[in-house]
Amino acid sequence: MITLKNLFNITVNFYRQNQKKFHRKIKIQLRHVYCMRLLSPTIKLISQHFVTSLNAAMATQAVNQKTLIGVCQTNVGADRDTNFISVKGLITEAVSRGAKMCFLPESSDFIATDGQQSRQLAQLGFKEEWHKRYCSLANDLNVWLSIGVHLYDDETERIRNSQLIIDDAGEIRCTYDKCHLFNVDIPGKVKLSESDHTKMGDGFSDPVQSPVGCVAPMICYDIRFPEISTEMRRRGAEILTYPSAFTIPTGHAHWEVLLRARAIETQCYVVAAAQCGAHNSKRSSFGHSLVVDPWGTVIARCGGDSPGVIISELDLSLVHELRRSMPVFQHRRSDLY
């Protein structure tokens with residue numbers, strides 16, 4: 001379904017790609033759209049919103065084609081203060097190396113020893129508005145953040161596994177709750193039932209325009225469902241992000257191939273910040289944070305067991321050129337599937 005917001009994102013991306021060639025044509029079309037306000041009160045409202053928003057976007061400086069991002073790999077436990085100090089240090093390092101946006105893993109605030117402790121920490125943190133510490137950090141360091149945290153739903157008394165996208169003024173631009181919960185029992189390897197204590201997200205979040213490109217929020221297990229990343233591409237995404245805490249058995253088997261597949265299918269950059277190492281006696285994460293370009297090439301990689309930061313350059317001109325030369329989304333058979 002095409003929404004006004006989708007149309008706006010598509011038009012802005014089109015403008016960026018064809019700024020010189022089509023500037024005059026776009027201005028003419030905008031005048032036509034604006035004149036449609038005379039036709040009815042409803043069209044008037046829509047057209048005014050569209051023209052105002054699009055003109056504001058065109059008036060501002062366009063997103064640089066090449067920008068640096070920081071991808072932070074963490075090893076958190078149940079102590080929220082210790083985790084915050086660690087996360088702050090990694091973000092500070094990334095900013096000092098030129099990153100305009102930092103990507104952090106799923107559950108960057110804590111990983112508890114069991115479901116009961118996780119629920120208690122999430123409930124306490126939500127009442128204390130713990131997540132706002134990351135907003136203040138983004139503002140203080142003048143950097144955009146994508147970070148996985150635990151929020152809490154008072155009505156159901158369940159955890160929300162969420163990703164926040166925070167701008168460099170400390171404002172939350174997007175809150176996405178994980179749609180696909182990890183319920184897996186592989187005998188002798190891994191057993192987790194996320195739905196025992198976590199509320200399933202009930203919708204997608206539109207991609208967010210940032211200084212590094214149009215970022216689509218998803219979380220960990222979502223990577224196994226290409227329908228959501230395909231929809232994010234339709235909504236204008238240039239960068240897919242999967243903050244994760246992958247298990248070691250599934251990580252060895254599937255982590256890199258899934259990330260590369262999502263990049264190739266959507267012709268987007270894929271950024272996957274990951275938890276690593278042992279969090280407690282019951283749980284360990286695979287690590288291996290990656291950045292994949294739209295051609296499916298891994299362009300940055302972090303080691304498996306140790307926290308750290310990788311800096312990667314994203315070049316949006318590569319995204320646009322690839323989509324022009326191989327327009328796979330124009331070739332999709334929507335009449336068949």
[X] to [Y] - nearest heavy-atom pair and separation:
| X | Y | result |
| --- | --- | --- |
| Met232 | Ser205 | SD-O, 3.5 Å |
| Val292 | Ala263 | CG1-CB, 3.7 Å |
| Asn161 | Ile219 | O-CD1, 3.4 Å |
| Ala112 | Ala78 | CA-CB, 4.4 Å |

- Item | Counterpart residues, side-chain contact (heavy atoms from CB on, under 4.5 Å), relative to Ala261 (two or more places apart) |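 Counting only residues at least two positions away or on another chain, Ala261 forms a side-chain contact (heavy atoms from CB on, under 4.5 Å) with Glu265.
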- Message: According to side-chain contact (heavy atoms from CB on, under 4.5 Å), who are the partners of Thr230, at least two apart in sequence or on a separate chain?
- Response: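 Partners of Thr230 under the side-chain contact (heavy atoms from CB on, under 4.5 Å) test: Arg234, Phe329, Arg332.
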- Pick out which of Glu157, Arg160, Gln120, Lys127 makes a side-chain contact (heavy atoms from CB on, under 4.5 Å) with Tyr152.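 For Tyr152, the side-chain contact (heavy atoms from CB on, under 4.5 Å) check succeeds only for Glu157.
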- Message: So, applying side-chain hydrogen bond (donor to acceptor under 3.5 Å, both in side chains) with Gln267, which one of Arg233, His320, Glu321, Glu238 is it?
- Response: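 Single side-chain hydrogen bond (donor to acceptor under 3.5 Å, both in side chains) partner of Gln267 among Arg233, His320, Glu321, Glu238: Arg233.
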- Option among His150, Lys178, Gln275 that satisfies the side-chain hydrogen bond (donor to acceptor under 3.5 Å, both in side chains) test with Glu106: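 Option passing the side-chain hydrogen bond (donor to acceptor under 3.5 Å, both in side chains) with Glu106: Lys178.
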- Determine the interplanar angle of the Phe225 and His180 rings, folded into 0 to 90°, and report it as parallel if under 30°, tilted if 30 to 60°, perpendicular if over 60°.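 Geometry flag for His180 against Phe225: parallel rings.
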Checking [X] side chain against [Y] main chain: does a donor-acceptor pair fall under 3.5 Å?
| X | Y | answer |
| --- | --- | --- |
| Asp153 | Arg158 | no |
| Gln73 | Gly308 | no |
| Thr198 | Ser195 | no |

- Item | Ring centres under 6.0 angstrom apart (Phe286, Phe246) |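 Not under 6.0 Å, so no.
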- To the nearest 0.5 Å, how far apart are CD1 in Ile111 and NZ in Lys282?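 If I round to the nearest 0.5 Å, the distance is 14.0 Å.
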- Are the charged groups of Arg133 and Asp81 less than 4.0 angstrom apart, N to O?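 Result for this pair is yes, salt bridge flagged.
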- Does a sphere of radius 6.0 Å around CG in Asp196 hold more than 12 heavy atoms from other residues, nucleotides or ligands, not counting ones at 6.0 Å or beyond?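 Counting neighbours around CG of Asp196, more than 12 heavy atoms of other residues, nucleotides or ligands fall under 6.0 Å, so yes.
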- Under the salt bridge (Lys or Arg N to Asp or Glu O under 4.0 Å) test, residues paired with Asp185 that sit two or more places apart: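 Per chain and number, Asp185 pairs via salt bridge (Lys or Arg N to Asp or Glu O under 4.0 Å) with no residue.
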